[in-house]
Structures are given as C-alpha cells and as structure tokens.
Amino acid sequence: MKIAVVGTGYVGLVTGTCLAETGNHVICVDINVKKVEAMRNGELPIYEPGLELLFNRNIKQERLSFTSNLAEAIEEAKIIFLALPTPPGADGAADLSYVLGAGKDIALLLKEYKVIVTKSTVPVGTADKLTAVLKAHTDVEFAVVSNPEFLREGVAVDDFMKPDRVVVGTRDERAQKLMAELYGPYVRQGNPIIFMDERSSELTKYAANSFLATKISFMNEIANLCELVGADVDMVRRGIGSDERIGKRFLFSGIGYGGSCFPKDVQALAKASEEYNYDFKILNAVMDVNTIQKKVLVEKVKQYFKGDIKGKKFALWGLAFKPETDDIREAPALYIIDELLKEGATVAAFDPEGMNNVKALIGDTITYGSNQYDILESADALLIVTEWSVFRTPDLDEVERLLKNKVIFDGRNLYDLQKMIDCGFYYNSIGRKIVS
Ligand SMILES: NC(=O)c1ccc[n+]([C@@H]2O[C@H](COP(=O)([O-])OP(=O)(O)OC[C@H]3O[C@@H](n4cnc5c(N)ncnc54)[C@H](O)[C@@H]3O)[C@@H](O)[C@H]2O)c1
Ligand SMILES: O=c1ccn([C@@H]2O[C@H](COP(=O)(O)OP(=O)(O)O[C@H]3O[C@H](CO)[C@@H](O)[C@H](O)[C@H]3O)[C@@H](O)[C@H]2O)c(=O)[nH]1
C-alpha cells in the first residue's frame, strides 16, 4: 500500500520504517529541510536500537523515501499518517496547531478519497476538529482516523512490529477495511486490532499513559514511606508484583518519570478534564508526587553534606531520560544538574548516547566524560541517574580509586545492598536502607 507519513520525529520514523518493512511504499515528509537531506543520505536522526538496519534496508529497496514537499508525499498515498508534535501550550493543554495546520494543508491538496490518521497523541475531540478543518477547505471525501501510538523509546521497533494491541478509532467502514489490511501483518491472536469510535480511541492513549504514570508515582510514594518505616521497596515491589492483578511491570521507584510523553500527557489529560468541569484528583496528585520525586536525589546529597555543597564536584552516570535512547526531553538528569549548579556545585557527566543533546541544550555549564570512569576523578560523590546496562556492573575498585569520597547516591537502585556494605561504600538509594 502507498503511505505518507507527515513528521519524522520518533513516531514518524518508526511508523514509516516499520510500515515499509512489510512491503508498503512509504514517503515521509518533514518541514525540516536539513533533516530531510540527511535522511536521504541514509542518516537516521535519532538513536533507536534496531531502527537503523531497517531504515537503511528499506531506503535501499526503494520502499522508504523522504521529501519536504507535502504534495509529492501524499499524491499517491491511500493513508496519510500525522506524526506531528502536540506539545503543551502555555496552560498545559495539548497544542493542536501542528495537527490542524497539516489538516488544512492536506485538504487543499486532496483530489480523491484518502484516510487521514492521527498517530500524534491528541485530546478527545481532535478527530472532530480535524474533520471540520478539512471540510472547510475541500469537498473531496476523506476519513479521519484516530490511531494512537504506544511505542516506548528504546524498544520502539519491537513495540511497532509486535504490538500488544492496535487501537483504531473510526466509524468509516472504508477506513476500517484499509486499516485492517495495513495492520494485518503486525497483529496476532491475542494482540488484536481494537476498533472503536474516535473519542474512545483518543482517550485510550491518555488513559494508558496516565495509568502507567500513576503506577510510578504510587511506587515512589511507597519508596518514600519505606525509608521512613525501615522497609525495602524492592521487596515490597516483588511482593505486590507477583499478584497478577497488579503485574510486575512499571513498579520501579526512582527519581520520577520523564521523557517526551508522560509529563506532557498526564498534564494534558488533567487540563482536558478541567475543560469538562471535572477535577481529576488522582492525576493532580500523580504530578505533585513526580515534581517532588525529581528532587529526591539532590535532597539526599544536600542532607549528606549538611546543606553545603558549594564548590563540591559531582559525577553523574546517565543523562538520557531512560536507557537505550539519546532523548533528554524532561529527563530527571536536567533537574538534578540544575539544582546542583544552583547550589554552587560542579557537575561532570557521562551518558552513552545522551551527551550531544545535553551539550546542545546547556553547553559547557557542566563537563562531559569520554567514559564512565574519567568523570569520577576527585569527585565528592557519584550520582546514578539513568540505568544504562554499563552502569550495572561497574569496576568498584576503580570507582573507589578515583572518587574523593566513597559515596554513591543511586536514583535507580542498581546495586545490591550487601555488596555495597562489603565494599565499604556509603550508598544511598531509593526506598531502601542507607548503608555505609
Ligand atoms: N516519542 C515517543 O516516544 C512517542 C510515542 C507515542 C506517541 N507520541 C506522540 O507522537 C507525536 C510526535 O512525537 P515525536 O516524539 O515523534 O515528535 P518530534 O517532536 O520528535 O518530531 C516531530 C517532527 O515533525 C516535524 N514537523 C513539524 N511540523 C511539521 C509539518 N507541518 N509538516 C511536516 N513535518 C513537521 C518536525 O520537524 C519533527 O521532525 C506527539 O503527539 C507525541 O506525543 C510520541
Ligand atoms: O517502573 C518504571 C517505569 C518507567 N519509569 C520512568 O517512566 C518514564 C517513561 O518510561 P517509558 O514508559 O519506558 O518510556 P517512553 O518511551 O516515554 O514511553 C511511554 O510514553 C510513550 C509516548 O506516549 C508511550 O507510547 C509508551 O507506551 C509509554 O510507555 C521514564 O522516565 C522512566 O524512567 C519509572 O520511573 N519506573
């Protein structure tokens, strides 16, 4: 099938590449001309495990191409995916200007029936708004479909190729048939396409992200309580996670959720609820807990150094908001760096993929290592911020040799407490007892 994908961020690139992989012909369009030029030369603009191979293979086999010309991209496409940003506006509600603006541009170019699909995360009622914008600018028939994307960065290819489910919101029968044909190769028994109306589909996406964020904030509160009552959050997690009704996943306490989705989507759902005069109390608590949790590690540091960290040097392992990505959007590391610098401390950081993005954002306000060890030299403490696998099994003798003090603050609970006792480190993690 011929497909157009509008927007080549994470979602557009994964969608376009994975749809090409099953034999579709995909043209991706982006307004960023430089990015289009680079992609035409085989440069993948994001770090995502497994994507580069598929990206290059499909370009080579002429199933995947790039343009900055919308007319060229959609001319022969039966389905047009919108994978455009929906950032928070000044009031926290999702900014729909990219999606609705593209709707108008597409309407002006329509010559025959096409299916226009929102892959972007958009609030309830957006399909209706998009339909109205299109109708105002064309008499040609079309269908607007809501098809939220549930991929996680770092495992995005697997999530797209083998989804838990595909949600398709449309009451247009022609569009339902086309979407069923398109997603046929990706869905399996037990992992179905779930057809529903547009509004339910739009809400499903926000409900999924908000529920997961709620699980995380809940576990972060349990962790804080563990510290007060002398319990171990890892034990509690294992104890409750074995109950199938609760499930083992997304119960890891840490330094708050980040990334390009949870913070913005939880806020947008709370805001959208307000517009319907509904006070979504749980979501407000989830956000409050997350704001506090992002500061937990720095609070622990300040407490250890008796409130005075001016002139101290801190080494950070991890900058990306999670492992296996170079994405630093709403990364807890940025909040931690900001707090440490504000207190007059200096920061040296290492991240396997995220350093260039941080450099572009905050430049040389911190220093960057060429490996995880060189930043430890004469640092007053090590802070573990992102759980990259290279940080899981460090050479502790080397850590001890380089650090000024044998002090580790771990925001991701990577190490066994007994091991840290045996090695003689002061080790302060989340929701567990402090060892020294
Ligand atoms: N990043 C994720 O993991 C993820 C997962 C699921 C859903 N989502 C949702 O998908 C949407 C896109 O997210 P993203 O992270 O891929 O965005 P992004 O910001 O990384 O990329 C958006 C791209 O769209 C391009 N663009 C902007 N206006 C354009 C226009 N008029 N025409 C063509 N291209 C245009 C930009 O140049 C950019 O390349 C958001 O609504 C997001 O909430 C994101
Ligand atoms: O037990 C956990 C799991 C995650 N996190 C944090 O939660 C954030 C988000 O993690 P994750 O969900 O793995 O990353 P994303 O790539 O942002 O994916 C989420 O956001 C996407 C965009 O909407 C959705 O498509 C995905 O389904 C949804 O998982 C990160 O800061 C993680 O560190 C925790 O603190 N504890």
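In listed order, ligands and their atoms are each counted from 1. Because the structure is predicted, anything quoted here is derived from the model rather than measured.
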Q: For atom 24 (C) of ligand 2, which of L151, T121, D164 has the closest heavy atom?
A: L151

Q: Output yes when the distance from some N or O of ligand 1 to some N or O of T121 is under 3.5 Å, and no in every other case.
A: yes

Q: R329 versus ligand 1: do any nitrogen or oxygen atoms come within less than 3.5 Å of each other?
A: yes

Q: Going by the order shown, which atoms of ligand 1 are within less than 4.0 Å of some heavy atom of E153?
A: 1 (N), 2 (C), 3 (O)

Q: Using heavy atoms and a threshold below 4.0 Å, how should the contact between S120 and ligand 1 be classified: side chain, backbone, both, or neither?
A: both

Q: Out of G411, S260, G258, who is nearest to atom 8 (C) of ligand 2 when you count heavy atoms only?
A: G258

Q: Within a distance under 4.0 Å of any heavy atom of K322, pick out the atoms of ligand 2 and give their elements.
A: 11 (P), 13 (O), 14 (O), 15 (P), 16 (O)

Q: When you measure from atom 28 (C) of ligand 2 to each heavy atom in F150, Y206, F250, F262, which option holds the nearest one?
A: F262

Q: Within the 3.5 Å criterion, strictly below it, is a donor on N147 or Y183 matched to an acceptor on the partner's side chain?
A: yes

Q: For R412 and ligand 2, answer yes if some heavy atom of the residue is under 4.0 Å from a ligand atom, otherwise no.
A: yes

Q: Who's the nearest protein heavy-atom neighbour of atom 22 (C) of ligand 2, and how far?
A: C261 SG, 2.3 Å

Q: Classify the contact between M219 and ligand 2 as side chain, backbone, both or neither, using a heavy-atom distance cut-off of under 4.0 Å.
A: neither

Q: Which protein non-hydrogen atom lies closest to atom 35 (O) of ligand 2, naming both residue and atom, and how far is it?
A: I216 CG2, 3.5 Å

Q: Relative to the heavy atoms of E153, which atoms of ligand 2 are at a distance of less than 4.0 Å?
A: 16 (O)

Q: Need the ligand 1 atom indices (1-based, order shown) with element for anything under 4.0 Å from a heavy-atom of K264.
A: 42 (C), 43 (O)

Q: Within 45 degrees of the axis of the six-membered ring of F252 and under 6.0 Å from its centre: does R412 put its NZ or CZ there?
A: no

Q: For K205, take its heavy atoms, then give the atoms of ligand 2 lying under 4.0 Å from any of them.
A: 22 (C), 23 (O), 24 (C), 25 (O)

Q: Under a 4.0 angstrom heavy-atom cut-off, which atoms of ligand 2 come close to Y257?
A: 7 (O), 8 (C), 31 (O)

Q: Considering only the protein, which heavy-atom contact is closest to atom 29 (O) of ligand 2, and what is its distance?
A: R152 CG, 3.2 Å

Q: Under 3.5 Å between any N/O of T86 and any N/O of ligand 1: does that happen in this structure?
A: yes

Q: Nearest protein heavy-atom contact for atom 30 (C) of ligand 2: which residue, which atom, what distance?
A: F321 CD1, 3.7 Å

Q: Checking a contact table here: which protein heavy atom is nearest atom 36 (N) of ligand 2, and how many Å away?
A: F252 O, 2.9 Å

Q: Which ligand 2 atoms are under 4.0 Å away from a heavy-atom of E149?
A: 25 (O)

